[in-house]
Amino acid sequence: MSLHIHPSGFFLPNTRTISPHLSFCRSGPSPPSLAPSASVSSPHPTIQIVGGKTSNFLGDSTPKGASNSDLLEGDWVDFEADLYYWTNTLRPVQWYPGHIAKTEKELKDQLKLMDVVIEVRDARIPMSTSHPQMDAWLGNRRRILVLNREDMISSADRNAWATYFTRQGIKVVFSNGQLGMGTMKLGRLAKTLAADVNVKRRAKGLLPRAVRAGIVGYPNVGKSSLINRLLKRRMCPAAPRPGVTRELKWVRFGKDLELLDSPGIIPMRISDQTAAIKLAICDDIGERSYNAADVAAILVQILTKLPSVGIESLQKRYKVDAGGQCGHIFVQKLALQLFNGDNHQAAFRILSDFRKGKFGWTALERPPR
């Protein structure tokens, strides 16, 4: 097997000759008792990749109730390396519905009218929900960054991201679009940042006008829900799935603020497949773009590595032995136990439980160093 070097410096196998139906295991040779048995049905052979780090950052001695902040900086580097290793064998996740191309063009035109831009990201994956062209589009325009779904991350994660963005000089607001937390602060901040608009208009002898704020971001990060909470009424269609908003819409917030709701925008091609998998896990990308069983298998391996969850939580919740095994095998066992061997249903259950916060406050990213 030939090798190539990942940009982070890790040697990783060239996996073009490996079947995409993998266990995603990077934790050393599997004991015979954990190998796929005849009772676990799979339409394709399962290949176990061995070598690399241990299956848990902190070993079996991780204390119960530990938080993700207990992971050391080096552990997060290993975590990202493992994710790269697992995702490198999968069919690339790509999702670019036709309406997004049209939206992107219209949004660029509307940006010229905006006094301030409110960029909404998923607080669980702030880096993965950052559009690579956003900085170029916005230029020097005033920006507020909203990390939505703050209820699904720990206070340590929240503080780490707040510190990171503050050091970059970016105004950041944490919010929960479903419950309205952070929305009033967001409205006040938008008006404050754009206050000089009317100062300049008065100097020119023009009448004051409402501040125009555009709300942009990836699909399903909570843009429309945020607007509805700000307005205290349902003005924009919102649902917990990507692609609900399909056209740009200006809505009025009082006498001095106008908000532009926009469909989610996403790159035409996602080059970072670890980010793509995180988008799939967090339901920030269309479900037709990925294999649910593959994504759930990677999620299982992620959860076993996080001290705030761990193997014991998975075993307790699903009554399935997860000790040291790889994600695909866990999904297959759960399918046999609860869903008559339907791997898709088992995968959907695991993904749905994560998205509903059944595993607690679980961020999948920490600020880069």
Side-chain angles (χ1 to χ4, degrees), residues 20-28 30-31 33-37 40-42 44 46-50 52-58 60 62 68 71 75 78-90 93 124-125 152 273-274 276-283 287 290-339 341-365:
H21 301 279
L22 304 173
S23 300
F24 311 116
C25 186
R26 197 182 182 215
S27 55
S30 175
S33 61
L34 296 178
S37 64
V40 179
S41 60
S42 176
H44 302 278
T46 299
I47 299 174
Q48 177 127 345
I49 298 177
V50 298
K53 302 293 179 182
T54 58
S55 61
N56 191 302
F57 286 144
L58 305 179
D60 295 332
T62 301
N68 294 346
L71 292 176
D75 293 331
D78 291 339
F79 178 65
E80 291 295 330
D82 283 340
L83 274 177
Y84 179 89
Y85 192 92
W86 300 331
T87 58
N88 197 40
T89 60
L90 301 179
V93 174
R124 296 168 294 179
I125 49 171
M152 300 192 74
Q273 285 299 296
T274 61
I277 290 296
K278 293 173 189 174
L279 292 172
I281 289 172
C282 295
D283 202 21
E287 62 181 14
Y290 57 87
N291 181 300
D294 287 343
V295 174
I298 290 179
L299 175 58
V300 167
Q301 300 233 162
I302 290 173
L303 295 177
T304 61
K305 283 182 172 289
L306 297 179
S308 59
V309 184
I311 290 176
E312 290 185 2
S313 295
L314 287 167
Q315 292 179 155
K316 183 178 179 180
R317 180 165 189 83
Y318 299 115
K319 306 298 187 292
V320 172
D321 178 20
Q325 67 193 23
C326 296
H328 248 310
I329 300 175
F330 183 89
V331 173
Q332 291 167 357
K333 284 187 175 183
L334 181 62
L336 287 172
Q337 182 162 309
L338 298 181
F339 301 101
D342 189 330
N343 287 347
H344 182 81
Q345 288 294 323
F348 182 77
R349 169 65 65 83
I350 296 170
L351 291 170
S352 179
D353 284 349
F354 174 80
R355 293 163 182 170
K356 293 176 181 177
K358 301 296 184 182
F359 299 108
W361 297 335
T362 310
L364 299 184
E365 292 178 345

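Treat the numbers as computed from the prediction; the structure is a model and nothing was measured.
- No donor-acceptor pair closer than 3.5 Å links the side chain of Q273 to the backbone N or O of T87.
- Separation of atoms CG (L90) and OH (Y290) is listed at 13.0 Å; rounding is to 0.5 Å.
- The backbone N or O of K319 lies less than 3.5 Å from a partner atom in the side chain of Q337, making a donor-acceptor pair.
- Between D294 and H328, the shortest heavy-atom distance links the atoms OD1-NE2, 2.8 Å.
- The closest side-chain heavy-atom distance from I281 to I125 is not below 4.5 Å.
- Between F359 and I350, the shortest heavy-atom distance links the atoms CE1-O, 4.0 Å.
- Residues R355 and M152 approach most closely at O-CE, 3.1 Å, considering heavy atoms.
- Nearest approach of A292 to L351, heavy atoms of both residues: O-CD1, 4.1 Å.
- Between F330 and D321 the shortest heavy-atom distance is CD1-O, 4.3 Å.
- With sequence neighbours left out, K316 forms a side chain to side chain contact (heavy atoms under 4.5 Å, CB included) with no residue at all.
- Residues passing the side chain to side chain contact (heavy atoms under 4.5 Å, CB included) test with A346, sequence neighbours excluded: V331, L334, A335, F339.
- Remark: S313 pairs with no residue by the side chain to side chain donor-acceptor pair (under 3.5 Å) rule, at least two apart or across chains.
- Inspection of the H344 and N291 side chains reveals no N or O donor paired with an N or O acceptor under 3.5 Å.
- Smallest separation of non-hydrogen atoms from Q332 and N343: CA-OD1, 3.7 Å.
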